[in-house]
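All values below were derived from every heavy atom in this structure, side-chain atoms included, with hydrogens, water molecules and symmetry-related copies excluded. Position 1 is the first residue of the sequence, and the numbers go up from there.
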Amino acid sequence: MILHHLLSITFALIIDRLIGDPPTWPHPVKMIGSLILRLERFLNEGKHRKAKGTVLLVLILVIVFLVTWGIILVAYQIHSILGIAVEAMLIATTIAQKGLKEAALGVYQPLKDRDMEKAKQRVSMIVGRDTANLDESEITRATVETVAENCSDGITAPLFWACIGGAPLAMAYRAVNTCDSMVGYKNDQYLYFGWASARFDDVVNWIPSRLTGFCMMMANRSVAETKRHALSQLRQEAKKHPSPNSGWGEAAVAILLGVQLGGVNYYKGIKSDRERMGQAIHQLQKEHIIQTNRIMTHTVWLFFILLWIGGGCIAFTNTWS
């Protein structure tokens, strides 16, 4: 079965590269988001909000997994080729390499054209921080950090879970990620209700984020003197991020580019000063957006190759055991 998963992953990457996520097409993640919103309105009130938030997460996971598993089961029973095709299409909805690359280029182009207002408007669509007063360097930092962080969340992590459990696990991962993005906030409304979603998102991203950081370092050239030195910096720099997982992608990109990420951001006027990651060998400039996209592409290729090697070895061992 793992070979079916690997074939589905291969075709999913091709589908994403060719068409991405057309905005007018129905998307499973939008449906998951609508379901989360309805349950949140019903559950997020009164006492025992941490328990209710856990109930929401479990319900979403069970529904998403079982619906996806049912669709895949029927498709494979009709024909294995149909099963692989349907699974590939579902996995493709969980990854966003094309969309992430285009979003970054959408910020880069107005910077290149010296249209700062348009660049601010474009970057505001992909980050949560205030963007009205950002200069070119800060717009670049916001874009680079977004691509670096979402390389795992939006591409390699769903591929990792798809390799293990096909489309059902990939969709379940995306459901967890969507729960976290909608209710996993440390504010009065979601501090307790979103606790389970935020913690479980940390769990399911723990291995993929570290594998992604490692692949980034191995698949790309670094300004560091040696690859060994760059790898030794990775863990130390990743710990500086407030998230246990997001720091691996950002730290890797900072080390590879020789730039400094993190720093002061404002969220609805409230200042947030995040610890700096990496050394400012180079000042951030718009070309680093292109370079970060290139890092992402190389990383996904290496991650894909490692999935095939690992999955192939497991399939070969199972065949002869």
* To do: Name all residues meeting the salt bridge (Lys or Arg N to Asp or Glu O under 4.0 Å) criterion together with K101; count only those two or more places apart in sequence or in a different chain, and write none if there are none.
  => none
* To do: Determine, using the 4.5 Å side-chain heavy-atom cutoff (strictly less than), whether M277 and L231 are members of one ILVMFWY cluster.
  => no
* Asked: Would you find more than 12 non-hydrogen atoms of other residues, nucleotides or ligands less than 6.0 Å from Q279 atom CD?
  -> no
* Asked: More than 12 foreign heavy atoms under 6.0 Å from CG of D273: is that the case here?
  -> yes
* Asked: If only atom types and distance count, is the side chain of H288 paired as donor or acceptor with the main-chain N or O of Q285 below 3.5 Å?
  -> yes
* Partners meeting side chain to side chain donor-acceptor pair (under 3.5 Å) with E102 (sequence neighbours left out) -> K98
* **Common cluster, V62/M31, ILVMFWY with side-chain heavy-atom separation under 4.5 Å** => no
* Locate the shortest heavy-atom distance separating L90 from A167; write the atom from each residue and the value. => CB-CB, 4.0 Å
* Would you say K286 has more than 12 foreign heavy atoms packed within less than 6.0 Å of its NZ? -> yes
* **Pairwise distance CG(D180) to OH(Y185) - rounded to 0.5 angstrom** => 8.0 Å
* To do: Output yes when a side-chain donor or acceptor of R174 lies under 3.5 Å from a complementary backbone atom of A170, and no otherwise.
  => no
* Other residues, nucleotides, ligands: >12 heavy atoms within 6.0 Å of I305 CD1 -> yes
* For T146, does its backbone N or O pair with a side-chain atom of N150 as donor and acceptor, under 3.5 Å? -> yes
* Asked: Does V204 offer a backbone N or O that forms a donor-acceptor pair with the side chain of W161 under 3.5 Å?
  -> yes
* Return yes when atom NE2 of H282 has more than 12 non-hydrogen atoms of other residues, nucleotides or ligands closer than 6.0 Å, and no otherwise. => yes
* Within-4.5 Å side-chain heavy-atom neighbours: T299 and T212 -> yes
* Asked: To the nearest 0.5 Å, how far apart are OG in S181 and CD1 in I36?
  -> 6.5 Å
* Closest non-hydrogen atom pair between P110 and K118, with its separation -> CB-CB, 3.9 Å
* List in chain and number order the residues that pass salt bridge (Lys or Arg N to Asp or Glu O under 4.0 Å) with R235, two or more places apart in sequence or in another chain; answer none if no residue qualifies. => none
* side-chain hydrogen bond (donor to acceptor under 3.5 Å, both in side chains) contacts touching residues 2-21 (sequence neighbours left out) -> S8-E87, T10-W308, D21-H27
* **Value rounded to 0.5 Å, distance of CE in M171 from CD1 in I63** => 12.5 Å
* Asked: Rest of the hydrophobic cluster containing Y266 (Ile/Leu/Val/Met/Phe/Trp/Tyr, side-chain heavy atoms under 4.5 Å)?
  -> V264
* Can any side-chain N or O of N265 pair as donor or acceptor with the backbone N or O of S272 at less than 3.5 Å? -> no
* Asked: Got a second to check how far S197's OG is from I60's CD1, nearest 0.5 Å?
  -> 9.0 Å
* Asked: Is there a donor in the side chain of Y190 and an acceptor in the side chain of N44, or the other way round, less than 3.5 Å apart?
  -> no
* To do: For the pair T93 (side chain) and V29 (backbone), establish whether a donor and an acceptor sit closer than 3.5 Å, ignoring hydrogens and angles.
  => no
* Asked: Between atom NZ of K112 and atom CG of L105, what is the distance when rounded to the nearest 0.5 Å?
  -> 10.5 Å
* Structure fact -> For L191, the other hydrophobic cluster members (4.5 Å side-chain criterion, sorted by chain and number) are Y192
* In Å and rounded to the nearest 0.5 Å, what is the SG to CE distance from C215 to M217? -> 11.5 Å
* Asked: In terms of heavy-atom contacts, does CD of Q189 have more than 12 from other residues, nucleotides or ligands at under 6.0 Å?
  -> yes
* Going by heavy atoms in the side chains, are H241 and R274 under 4.5 Å from each other? -> yes
* **N187, CG: over 12 other non-hydrogen atoms inside 6.0 angstrom** => yes
* Asked: Between S34 (side chain) and K30 (backbone), is there a donor-acceptor pair under 3.5 Å?
  -> yes
* To do: Indicate yes or no: at least one non-hydrogen side-chain atom of N205 is less than 4.5 angstrom from one of N177.
  => yes
* To do: Report the C-alpha distance between E138 and R129 in whole Å, list the side-chain angles of each, state the deciding distance to 0.1 Å, and finish with yes or no for salt bridge (charged side-chain N to carboxylate O under 4.0 Å, His left out).
  => CA-CA 11 Å; E138 286 298 297; R129 70 195 68 175; 5.3 Å; no
* To do: Spell out, as yes or no, whether a donor-acceptor pair under 3.5 Å connects the side chain of E250 to the backbone of E149.
  => no
* Structure fact -> What one should report as the nearest heavy-atom pair of G269 and D130 is N-OD2, 2.7 Å
* **Enclosure of F214 CZ (heavy-atom neighbours >12, cutoff 6.0 Å)** => no
* Structure fact -> Heavy-atom closest pair (L61 atom, A172 atom, distance to 0.1 Å) is CD2-O, 3.5 Å
* Under 4.5 Å between any side-chain heavy atoms of R141 and V259, yes or no? -> no
* Asked: Do side-chain atoms of N220 reach the backbone of M216 as a donor and acceptor pair under 3.5 angstrom?
  -> yes
* Asked: Any side-chain heavy atom of I290 within less than 4.5 Å of one from Y108?
  -> yes
